Amino acid sequence: MENKRPLCKYGDKCFRKNPNHLKNFEHSSNQLNNKNLNIKTENQELPDKSEMLDLLTKKSENCIEQNENLDKIEKFDLSKISDMKKFVAEIYKMEMPDDFFQFLEFCKSLNESDPKYALIDIGIELTGIFDLIIRGYKLDYRVHARYFLDPPEFQTVLKVLNSPSDAHFGYFRDDPDELPVFVAISEPKLDCKINIRSDNLFGALNWYIDELISGRSYKIESCMEKVKKIKASFDLWCEKLKSSKSFSLSVKTPRIKSREKKVNAKTFHSAGIVVPLDSNGFGYREIPETYEKQKQLFRIFCDKNKEAKKHANDRIQEIITLIQFANDEIDYGMGLEFGLNMFCYGDVGLHKFVKILLPVTYELLGRSLYAEIISEHRLLPKSS
């Protein structure tokens, strides 16, 4: 009996798992014309080059400091704030963990008048959301102190001054409605990696001070005596905290180990993504290219060779089509992984795809704040 089902243009290479699709479309490769594998809709036009090369290529700063003269901007009257934790959550739209507020208290114990620079002797400046609770600045904290390679999940709070690698520490949270899962260091002038250093700021700072004292990876302009003095104050503060709140100083804590078991994919930044899976295992599916192949694909696309660029563009479009199929079947993790990989590759030429993929994916995952952040973030200037 002749098969009357319409042909799926991807044949036996079809990526979809929906039973209804498999039932309603023919997938035999013998009945397909090979040319169909490369078909794109006629109306699917690529953005103009001028649209692709936006504000990012015109500036050389590597992170947003929205106002060079912060003293002239409007401020909240912090003396009228009775519940700082609630205030921060309302302004920032994300709840901050206890260690964040305890860390500020530690910095105040070192420099009551200006805790923002309490750690200047070890080359650390408090930034990001700290500028709200220390100075009361009315800023857009979705992008304030956000570096070019910081994905929406990463929230910078400490900046290493005069760092040749632009080192900075930040909280990382998979979902904006949840508390951070760890604190990491990013050094965008080296690579796009987000390296986990603890599950709280005290653990991360402990690691950094030990690195300074050992001289293994980082050097400081201050004399070592000043560094050791900060270390002594830090150890004393942590000892006092044990009677009330204890924050682990370990790099790999039980919380971090627990999250590692939930990671769906590592991504280029290596911190990984976590998306929920339903009882049938839907929620994530793999990208049909290795990370090495993806990097090669992105490199070719960003090259000036027009012919090679066209082939790379076609393959990227094919993967995006597969992601659309995956989204239909609630495998949202595929689009998140591929979008973040393009973002972390760090070339503005890929942002035309990033701004299509990631906002939609975050909305589908119920992470709307991250959709807002990535939409604003693509306007950030790129480091020269």
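Here the structure is a predicted model, which is why all the values come from computation and not from measurement. Counting begins at 1 with the first residue of the sequence. FYI, side chains are in, hydrogens and waters are out, and symmetry mates aren't considered; it's all heavy atoms of this structure.
Between the side chains of Asp235 and Ser233, no donor N or O sits under 3.5 Å from an acceptor N or O. Between the side chains of Tyr370 and Asp174, no donor-acceptor pair of N or O atoms lies under 3.5 Å. Residues Tyr291 and Glu337 have side chains that bring a donor and an acceptor to within less than 3.5 angstrom of each other. A donor atom on one side chain and an acceptor atom on the other are not found under 3.5 Å apart for Asn195 and Ser270. There is a side-chain donor-acceptor pair under 3.5 Å between Asp199 and Thr253.
Residues Val275 and Gly283 share a closest heavy-atom pair of CG2-O, 3.5 Å. Counting all heavy atoms, side chain and backbone alike, Leu119 lies closest to Leu110 at CD2-CD1, 3.7 Å.
By the 30° and 60° cut-offs, the orientation of the rings of Phe106 relative to Trp237 is tilted. Between Tyr208 and Phe169, the two ring planes are perpendicular [angle over 60°; tilted spans 30° to 60°]. Note on ring orientation: taking the six-membered ring where Trp is involved, the planes of Phe100 and Phe130 are parallel (angle under 30°, cut-offs 30° and 60°).
In this structure, the ring of Tyr332 has its center no less than 6.0 angstrom from the ring center of Phe282. Ring centroids of Phe148 and His351 are separated by less than 6.0 Å, placing the two rings close together. Aromatic rings of Phe76 and Phe87 (six-membered ring for Trp) have centroids within the 6.0 Å cut-off, being under it. Ring pair Tyr92/Tyr141: centre-to-centre distance not below 6.0 Å. Ring centers of Tyr345 and Phe298: under 6.0 Å apart, within the cut-off. Checked against the 6.0 Å centroid threshold, His377 and Phe343 count as a close aromatic pair.
Around the NZ atom of Lys295, the shell of radius 6.0 Å holds more than 12 heavy atoms that belong to other residues, nucleotides or ligands.
Under the side chain to side chain contact (heavy atoms under 4.5 Å, CB included) rule, Leu357 has a single partner from Ile374, Ile323, Ile319, Leu336, which is Ile323.
Here Asp303 does not pair with Arg299 in a salt bridge; the nearest charged N to carboxylate O distance is not below 4.0 Å. Taking the charged nitrogens against the carboxylate oxygens, Asp98 and Lys85 do have a contact shorter than 4.0 Å, which makes a salt bridge.
At least one test fails for Lys75 against the ring of Tyr137: distance under 6.0 Å to the centre or angle within 45° of the axis.
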